[in-house]
*Asks:* 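The structure is given below, and queries will be raised subsequently.
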Amino acid sequence: MTKQNTLEKRNDLYFIYFLILGLVSLAFGIADLVVTLGGSEYSLGALEIPNDGFRGGWGGLIVLFAGIFYLSGVKNIQEIHQLAKVIMGSILIWIIAGTDIFAMITESIPGGEDGGWFNTAQGFWGAYAPPYLPAIFLLPFSLVVIFCIHKYYKKQEMK
Amino acid sequence: MKTLLMGNPNVGKSVFFNRLTGANIIESNYPGTTVDYTKGYMRLEGKDIEIIDVPGTFSLEPKDKAEEVAVKMLHESKESKVMCVIDASKAERGLYLALEIIEQGFPVVIALNMWDVAIDKSIDIDAKKLEQILGIPVIPTVGISGEGIFTLASRLEDATPIKMEDIVKRTEGIKHKVNTPDERWTLIEGISKEVVTFGEYQHTLKDAIGDFTVKPATGIPFVIAVLYGFWSVFGSFAGFFTDGFLVKIFDEHWLPWLQTVFPGGLGNWFYALIVDVGHLENGVLAASDNCFESFGALSSGLFVPVGVVLPAIFIFYLMFALLEDIGYMPRLAVLIDTVLHKIGLHGYAIVPSILALGCNVPAVGATRILETKKQRFMMMTLLALFIPCGAQIGIMQDVIPGSIGFVMLYLIAGYFIFGYILNKIIPGKTPEILMDVPPYQKPMSRNISRKVWMRTSGFLKVAVPFVILGSLLVNILYMAGTIDWLANILAPLFEGWFGVPRETAGPLVAAFLRKDLAVAQLSAIEMTKYQMISAVVLVSIYFPCIATFAMMLREGRKAFLGSLAVLLVVVFTWGGLLHLLWILMGVV
């Protein structure tokens, strides 16, 4: 297999991967907005789509933007500007998921209004139990972009 | 010996100042961080050298107030040496100012700062050749890491006045004298040809992301995400400390302890001033069970600044410093430039606007980065009226957690509507500006921690005494019957026009000292959700707190009086309009 073929195959893999991630992000973003406009919270197994204006409304809009970034950057991802769009999509997911995880951490430690200074072990672990926001599910998949960045710089070094 | 630290805006002069003097002044990678001069001392070979950090200027023909300060400083320091800091990646622009200073007869040393950035951009400057041509010491430096700064300081004694004719003679291809700006640029072009080499620059991934964050189509979603993250972390962090621990410390330990050990007891005037005014339960005076309602100087007076506001202010300044140091603020300025031009301001107005979300006092000072008197007046007025400080937002999160978004939206709407009106009626120019967008960079923990410490400690120094004083003053006014008298006199205005209870008069008096204290006091007044929103909006758009007041007065009496006149109009219209909105919605 020639070097050109390997590159093309890798490009195809990236294309499929980020196309699916983009479509899922877009769908989650739209679902967030629809649920927020609808007014009642929606849960499906470990997934929770919030209905509040902040997490559901603004958060949903950002997940939707992340999807658009992924989809617009998915073609020819080895090109610097296309890769930058995909990275920006991931950054948006990291912001939403990161702030939600930070909120979980800050809620898990104190004992609450009627409890002691610190939470019980059960309460602490309970704070991390599902359901989770859509962005939390997207988080591990969005991290693949770090591999792409690593590959990009490796390629630049070789040049 | 006195040395002036001069250079274009945003070339790292404040970093140099901190490195040379060991002082702590704020460093940021956007212009206008230094809008006034700062003095410090450097010890070199047994001698004390006075260093003055002068605001950035592009030339000796000032275009804004900060540049005026810089030029005035130079003209008043005839015996000084000048350390001219130049951004090595834009050396020509810095050389223009350096040549102007040399022309004035000052001994100059040049720091070719951001040497690392120049290398990244494949720009090579022959510093030795430049030194030969100019006849003054030229040292490559990297301010952030400290590289070259010691050499620069030690070469200060080699600086002597140089004649422009000598520089012209040493520059190949330049024969004419330098009298006009055009001739100066021609000379710089000649010097540049000899010393600067531009290599092939490849667009990096960092550049590509940087470009996308300033283009509206891709930058606006990014701004929304950044603000979302900012607000979310702000709420989680402040809630963690305040609701998780500090409320418990103050309500379950500090207040009961004060109530036990403080002499006098409920009903005693001194006890009421310091610990707890109490409240009526079935006609009997009862002790307060929380610091929000006790109103004592040592209970509410400490709880408000330390228990509620400190965590909010700390996290606000931490995130603000991160955004500054990463290099996001200039991009935000570029992105918002078009919108702010509609109200007669420009992109960098976002700096005082966001600073005001921390504290209005430094924000008023930061208005000096705006070029015209009109812009400075507008910015000062708008931020004093429509931008609640971090302390107030922190308290709002506790008092009206569900309605804070609406209050902020109403204030933002006021900011733009009154900005638009002021732009139409105030004479004066709103010039275009060229903005420098530095590359994204890794934030330095030393710089971040210093900024957060300086800003937070500065807040505590101002807030704690003012909140304690405010609590005492409002309690005294209550006891003397002044607040009730005021409330009765102003009842038609409060109840009829603004739609809030007449008791709001008390918190509004406190608002003059501290707006956070005022919002905390509102929580003790019985009112509907909508009245509470109106009251919080009133506290925001009512007179700025006394510290902001003093700062505004420093910026000029005429502008200050003008701001007050606008303020009165806004309080009546914008406050009354909200009441009208509630009437139309049928919620009054």
Side-chain angles (χ1 to χ4, degrees), chain A residues 29 52-55 57-69 72-73 79-119 135 145 148-150 152-153 156 159, chain B residues 200 202-215 217-249 251-253 290 311 315 319 322-323 326 328 331 397 401-406 408-409 440:
Chain A
D52 63 290
F54 186 66
R55 290 190 313 159
W58 289 110
L61 191 67
I62 295 163
V63 174
L64 180 103
F65 286 140
I68 296 171
F69 273 123
S72 63
E79 198 271 321
I80 186 171
H81 294 93
Q82 294 297 90
L83 179 59
K85 283 182 202 164
V86 172
I87 295 171
M88 283 182 74
S90 286
I91 293 174
L92 298 198
I93 299 290
W94 297 341
I95 290 174
I96 303 286
T99 52
D100 203 53
I101 291 169
F102 183 67
M104 279 186 207
I105 295 168
T106 54
E107 279 164 21
S108 69
I109 298 169
E113 221 171 281
D114 303 318
W117 286 104
F118 293 98
N119 210 345
V145 84
C148 297
I149 297 170
H150 173 74
Y152 172 81
Y153 279 116
Q156 291 300 107
K159 268 186 183 174
Chain B
E200 195 190 335
Q202 277 202 328
H203 210 55
T204 65
L205 203 51
K206 214 162 62 171
D207 294 332
I209 293 173
D211 288 349
F212 282 130
T213 47
V214 292
K215 284 180 185 162
T218 41
I220 289 169
F222 202 74
V223 173
I224 295 172
V226 168
L227 293 179
Y228 178 97
F230 200 105
W231 191 249
S232 183
V233 172
F234 179 87
S236 301
F237 184 91
F240 173 74
F241 281 100
T242 299
D243 299 332
F245 299 100
L246 292 164
V247 166
K248 266 186 193 168
I249 292 173
D251 289 353
E252 293 175 16
H253 299 273
N290 66 72
I315 192 66
M319 287 189 295
L322 272 171
L323 288 182
I326 286 170
Y328 189 64
R331 286 173 173 81
Q397 255 203 327
S403 313
I404 197 165
F406 177 83
M408 294 301 280
L409 207 66
Y440 277 125

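Below, read A as the first sequence line, B as the second, and so on, with proteins coming before strands; counting in each chain starts at 1. Just so it is clear, the model here is predicted, and its values are computed rather than measured.
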*Asks:* Between B/Gly405, B/Ala208, B/Gly244, B/Ser232, which shows the greatest number of heavy-atom pairs under 4.5 Å with chain A?
*Replies:* B/Ser232

*Asks:* Is it the side chain or the backbone of A/Tyr152 that comes within 4.5 Å of chain B heavy atoms, both, or neither?
*Replies:* side chain

*Asks:* Is NZ or CZ of B/Arg331 both nearer than 6.0 Å to the six-membered ring centre of B/Tyr440 and within 45° of the ring axis?
*Replies:* yes

*Asks:* List the atom of A/Met88, the atom of A/Phe69, and the distance in Å for their closest heavy-atom pair.
*Replies:* CE-CZ, 3.9 Å

*Asks:* Run the numbers on A/Asp100 and A/Ile96 for side-chain contact (heavy atoms from CB on, under 4.5 Å), then give the verdict.
*Replies:* CA-CA 6 Å; A/Asp100 203 53; A/Ile96 303 286; 5.7 Å; no

*Asks:* Work out which heavy atom in A/Leu92 is nearest to a heavy atom in A/Ala66; give both atom names and the distance.
*Replies:* CD1-N, 3.8 Å

*Asks:* Pairing donors with acceptors under 3.5 angstrom, does anything connect the side chains of B/Asp211 and A/His81?
*Replies:* no

*Asks:* Can you confirm whether A/Ile95 sits close enough to A/Ile62 that some side-chain heavy atom of one is under 4.5 Å from a side-chain heavy atom of the other?
*Replies:* no

*Asks:* Is it the side chain or the backbone of A/Gln156 that comes within 4.5 Å of chain B heavy atoms, both, or neither?
*Replies:* side chain

*Asks:* Tell me whether the rings of B/Phe245 and A/Phe118 are parallel (<30°), tilted (30 to 60°) or perpendicular (>60°).
*Replies:* tilted

*Asks:* Against chain B, label A/Leu64 side chain, backbone, both or neither, depending on which of its atoms sit under 4.5 Å from a heavy atom there.
*Replies:* neither

*Asks:* Output the residues of residues 235-243 of chain B for which the shortest heavy-atom distance to chain A is under 4.5 Å, in residue-number order; output 'none' if no such residue exists.
*Replies:* B/Ser236, B/Phe237, B/Phe240

*Asks:* List the steps, then state whether ring pair (Phe, Tyr, Trp, His ring centres under 6.0 Å) holds for B/Phe222 with A/Phe65.
*Replies:* CA-CA 9 Å; B/Phe222 202 74; A/Phe65 286 140; over 10 Å; no

*Asks:* Can you say whether A/Ile80 sits under 4.5 Å from chain B via the side chain, the backbone, both, or neither, judging by heavy atoms?
*Replies:* both

*Asks:* For A/Asp52, which residues count as a salt bridge (Lys or Arg N to Asp or Glu O under 4.0 Å) partner, sequence neighbours excluded?
*Replies:* A/Arg55

*Asks:* With only heavy atoms counted, which part of B/Leu227 is less than 4.5 Å from chain A, the side chain, the backbone, both or neither?
*Replies:* neither

